[in-house]
Each structure stands twice: as C-alpha cells, then as structure tokens.
Amino acid sequence: MFHSENLTVERPTFVSHLECSATGDRYEADRLHGLSDAGKPLLVRYDLEGMAQAIDKPALADRPPDMWRYREFLPVRSVRNIVSLGEVMTPIVSLTHTEERIGAASILVKDESRLPTASFKARGVGMAVTMANELGVSRVAIPTNGNAGAALAAYGSRVGMEVYVFCPEDTPEVNVREIAMLGAHVWRVNGLISDCGEIVAAGRDEMAWFDFSTLKEPYRIEGKKTMGLELAEQLDWDLPDVIFYPTGGGTGIIGMWKVFNELEAMGWIARKPRMVAVQAEGCAPIVKAYNDGLDHAEPWENASTVAAGIRVPSAIGDFLILAAVRDSGGFALSVSDAAIEQAQMTAAKRDGVMMSPEGAATLAGYERAIADGMVEPDDRVVLFNCGHGLKYPMPPADRTLDRTQPVDFAAMAAAARRAE
Ligand SMILES: *Cc1c(COP(=O)(O)O)cnc(C)c1O
C-alpha cells in the first residue's frame, strides 16, 4: 500500500481549544462540536508559540507535496485518522494572454480543480471527515450545490460513513450522479441550498446524523486554510497584493484570512493580502452588506446564477467574511452572469485554463476592479479557480465532416477565421 510520509509519520499537534467566533467563549478540543451555544461557527485555536518552535520553513519544504504536510497547523491528532485521496499541492498558473490584454503585471490562478472530486471542497471536507473520523462519527448529512456533496461522498464513503446529501433540484446533473456514484444517498430538493439545510437540521434527531453544513462544524475552515498555507509557501512566503475569492459560504476566505493571521503571529510572513469577495449579481448578499456598511447580511431573495457554487443566499459566517474583507483592506463586488461566461471563455480560449463559472467570476471581478480603479495593473493578484470547468455544461461543438466527399479546405480556413 502506498502512503505519503505525511500519512505515516506522527507529528506534534498544537490545538489548544475551540472558540466561538462571535462571543470568544472557549470550548474543549477533541470533542464533537457543531455550532457554539450562541449558534455561531467555532474556530480552532492553536498554541502558535509551540508551533513556531516545532516547525520551520526548511523542514516543511522537505515534506511530500500535499496538504497534510502542514500537520502542525492542523487539528488532527493522529495520522491513523487522516482520510486522504491524494490532495496534491495545486499549481499556480499565470494568465499570460490576459496579463498582456489588460497590461497587468501578474495575474496568477491557483488552480484548485486538480484536487480529488475536481474542486477545492476536497480540502475542507477531507479535513472535516478526518476529524469526524477521529471523533467517532458514522453518519453525516449535508446540504450542497454539488461540489461539497461530492467531496463528502468520496471521503465519507472511503472511511465507511453513511452519507446523506440534499441538493437543489437544478444542481448540474453531473454533480448529482457523481455524488451517487461515490456511494452517498442523494436527493434533489425543490428549493435552494438553504432549504436543503433546513431538511438536514430537521432530520437531526430522527436520523442521528452529524450536520456537515458549511461552518456548522469547526474543521472545514481548517482544511480550507491550507490554500493560504500553500499559496504562501509556493510564493516563497511573500503573499500577493490582492486575492480574489469566489464567495459562497465563505469557508475559504475565512480560512485563508485565519491562517494569514496565524502565520503573521508566528513571524512567518511580513504582510497580508487584500481579500476580495466576489459574488454573482444574481446572489450577492455579502456584497450588499459590504456596500451598506453592515456586519451581517440579509438573506438574498430569488437567488440565481450560472455559478452554482456561489449561489448561497444566506451564509452563517457572513460576519466573518465581512471582517476578513474589511480587516484586510479588501472589498466585495459582484459580476453579471454574462461577464462570468465571457471570462470563462477567454481564460479557456486564450490561456488554456478551463475555469469553473465560479472561478471565472474572480477573473470577471478582477477586470471590473481594474476598470473601477479598485486595484492597480501592477498589483500582483491571485484568482482562485475553485472547480473544474468540465463539471459544468459547455457550449456545443457539433461540426462534422463527411470523409466520403472532397474536403473544402478553403471553406474550412474561412470558418476558422470567422471563429477567431
Ligand atoms: C463551494 C464552492 C465555492 C464557494 O466556496 P466557499 O468557500 O464556501 O465560499 C465556489 N466555487 C465552487 C466551485 C464551489 O464548489
């Protein structure tokens, strides 16, 4: 059996306690927790001094390239409990054509589509399943727009958990089938992800399942924060000026901001990036709250966008997203579905990068921010491509050639020119 050294070698761990993100109340580590008593997400806290003594950058650099190399930064106590499907360190790809077109210094895409189940949900859910495994959970349920459900199906099934998944009825077919094929029990629900969440909450007593909804358990944030660790390490601990993040439930933006603060406290980074929350115009509760100067967002009515992963009308961690955006000197902005589709096509056709619509929203958001003067062309920016474009419907390509007839190459060349 093959195992990365990160999955066999025990390393010291440094979790001191959990903390309510709203009240600061302490909760014991190494116990199963959902939300805090105040009904807010719990955050994992570490002995950062101990960490700074136990690990340094060169030691980290010697470890195999997967998210478990950051063990000292993570909550899992024993390697035995880690559930892994080969979480590669995802590559950073520059959008050279787009840089040229805009006259921008550096546009980098952190391409998270390379992860198991082809989205960055693998990081958060892999960590959450690892912790649920460590804490003895055997049945889990999740509301999802697709990718979180697929990741939970994969990681949960792998470790023998019973997995229940509820998704909006218009979730892309490929996601629903992927979830079923990976061994979960899946239902389409005639509503949005928040309606699916209500079903999970309502079934808790009778079904005795553990609620895996975004931020309703403490560990997805810890998995998602490895995006920030990886990015920092890949850029030689010199973070970019601005990060554009496709924001749904906000786990990733909250997780990255959390770990940037941990790294700063440990003296590992000198400066932190501005964090930009990108949403779709058809579902932009965080952007509205940001513009209105509010700390919490109102639920968004009639949410609708092609970017299914960020169609989250109401996020329980809204105040944490808004805090990350404001504390970092960033901002929140929304883009139209037309702009998302346009960005997706240019990234694919010109730069060879197949972005999901959510990932493309960050490119559209960046272009808008440049146009509005909210970022400068010489800012070093990182966009997150959170999922693989292949998981979404693509434009048709249905031209044919009849090999029994003479081929009209002049017409072929003319058609190719028209398509340019
Ligand atoms: C879940 C998801 C998002 C949103 O991520 P959060 O960290 O929950 O805000 C964006 N894009 C895709 C493809 C997703 O699956």
Side-chain angles (χ1 to χ4, degrees), residues 41 90 109-128 142-154 165 167-168 171-172 174-175 178-179 193-194 196-197 212-217 219-228 243-259 275-280 283-287 297 303 305-318 320-322 324-325 332 335 340 343-344 354-365 383-392:
T90 61
V109 173
K110 178 94 171 125
D111 192 3
E112 295 280 298
S113 71
R114 320 291 181 96
L115 287 161
T117 66
S119 87
F120 63 14
K121 290 293 192 300
R123 293 182 189 271
V125 172
M127 177 62 65
I142 195 168
T144 178
N145 283 323
N147 288 326
L152 184 58
V165 178
C167 39
T171 301
V174 64
N175 292 97
E178 178 189 17
I179 291 164
I193 188 168
S194 33
C196 299
F212 250 69
S213 305
T214 308
L215 301 189
K216 289 192 180 166
E217 61 73 57
Y219 300 109
R220 247 159 96 176
I221 291 181
E222 298 304 300
K224 274 275 192 85
K225 85 179 186 185
T226 62
M227 292 190 296
I243 288 179
F244 284 79
Y245 187 81
T247 306
T251 327
I253 197 168
I254 296 167
M256 282 196 283
W257 187 242
K258 179 173 186 285
V259 84
M275 307 296 286
V276 178
V278 180
Q279 297 199 300
C283 183
I286 300 295
V287 178
T305 167
V306 292
I310 52 175
R311 195 179 58 173
V312 178
S314 165
I316 193 165
D318 52 1
L320 298 172
I321 302 170
L322 288 158
V325 164
V335 290
I340 289 175
Q344 197 182 18
M354 184 75 130
M355 290 178 126
S356 63
E358 300 83 356
T362 64
L363 176 54
L383 315 176
F384 271 84
N385 181 36
C386 34
H388 209 297
L390 289 174
K391 293 181 90 170
Y392 300 77

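Residue numbers run from 1 in the order of the sequence given. All ligand and atom numbering here is 1-based and tracks the order in the structure.
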Under 4.0 Å from any heavy atom of [X], which atoms of ligand 1 are there?
X: Lys224; value: 5 (O), 6 (P), 7 (O)
X: Ile310; value: 10 (C)
X: Gly252; value: 7 (O)

Minimum-distance protein heavy atom relative to [atom]:
atom: atom 12 (C) of ligand 1; result: Cys386 SG, 3.7 Å
atom: atom 13 (C) of ligand 1; result: Asn147 ND2, 3.3 Å
atom: atom 6 (P) of ligand 1; result: Gly250 N, 3.4 Å

Please check whether [X] reaches ligand 1 - meaning an N/O of the residue sits under 3.5 Å from an N/O of the ligand, judged on distance alone.
X: Gly248; value: yes
X: Ser119; value: no
X: Gly249; value: yes

Quiz item: Does a side-chain heavy-atom distance below 4.5 Å link Ser356 with Cys386?
Solution: yes
Exercise. May I ask you to test the Asn147-Val125 pair for a side-chain heavy-atom distance under 4.5 Å?
Key: no
Please work out whether any backbone atom (N, CA, C, O) or any side-chain heavy atom from C-beta onward of [X] is under 4.0 Å from ligand 1, and answer side chain, backbone, both or neither.
X: Tyr392; result: side chain
X: Asn145; result: neither
X: Thr251; result: both

Non-hydrogen atom of [X] closer than 4.0 Å to ligand 1:
X: Ala148; result: no
X: Tyr245; result: yes
X: Thr247; result: yes

Exercise. Report the member of Lys121, Gln279, Glu112, Glu358 with the shortest heavy-atom distance to atom 2 (C) of ligand 1.
Key: Lys121
Quiz item: Counting heavy atoms only, which of Gly255, Ala150, Ser113, Pro246 is nearest atom 4 (C) of ligand 1?
Solution: Pro246
Quiz item: Taking only residues two or more places apart in sequence or in another chain, which ones pass salt bridge (charged side-chain N to carboxylate O under 4.0 Å, His left out) with Glu112?
Solution: Arg123
Exercise. Please lay out, stage by stage, how Thr90 and Lys110 fare under the test side chain to side chain contact (heavy atoms under 4.5 Å, CB included).
Key: CA-CA 7 Å; Thr90 61; Lys110 178 94 171 125; 2.8 Å; yes
Practice problem: Please report the shortest heavy-atom distance between Cys196 and Cys167, naming the atom on each side. | Solution: SG-C, 3.6 Å
Practice problem: Write down the atom of Thr362, the atom of Phe244, and the distance for their closest heavy-atom approach. | Solution: CG2-O, 3.5 Å
Could you pull out every donor-acceptor pair under 3.5 Å between side chains of residues 245-255 and any protein atom, sequence neighbours left out?
{"from": "Tyr245", "atom 1": "OH", "to": "Lys224", "atom 2": "NZ", "distance (Å)": "3.1"}
{"from": "Tyr245", "atom 1": "OH", "to": "Gly252", "atom 2": "N", "distance (Å)": "3.3"}
{"from": "Thr247", "atom 1": "OG1", "to": "Tyr245", "atom 2": "O", "distance (Å)": "2.9"}

Quiz item: For the atom pair OG (Ser194) and CD1 (Ile316), what is the distance rounded to the nearest 0.5 Å?
Solution: 12.0 Å
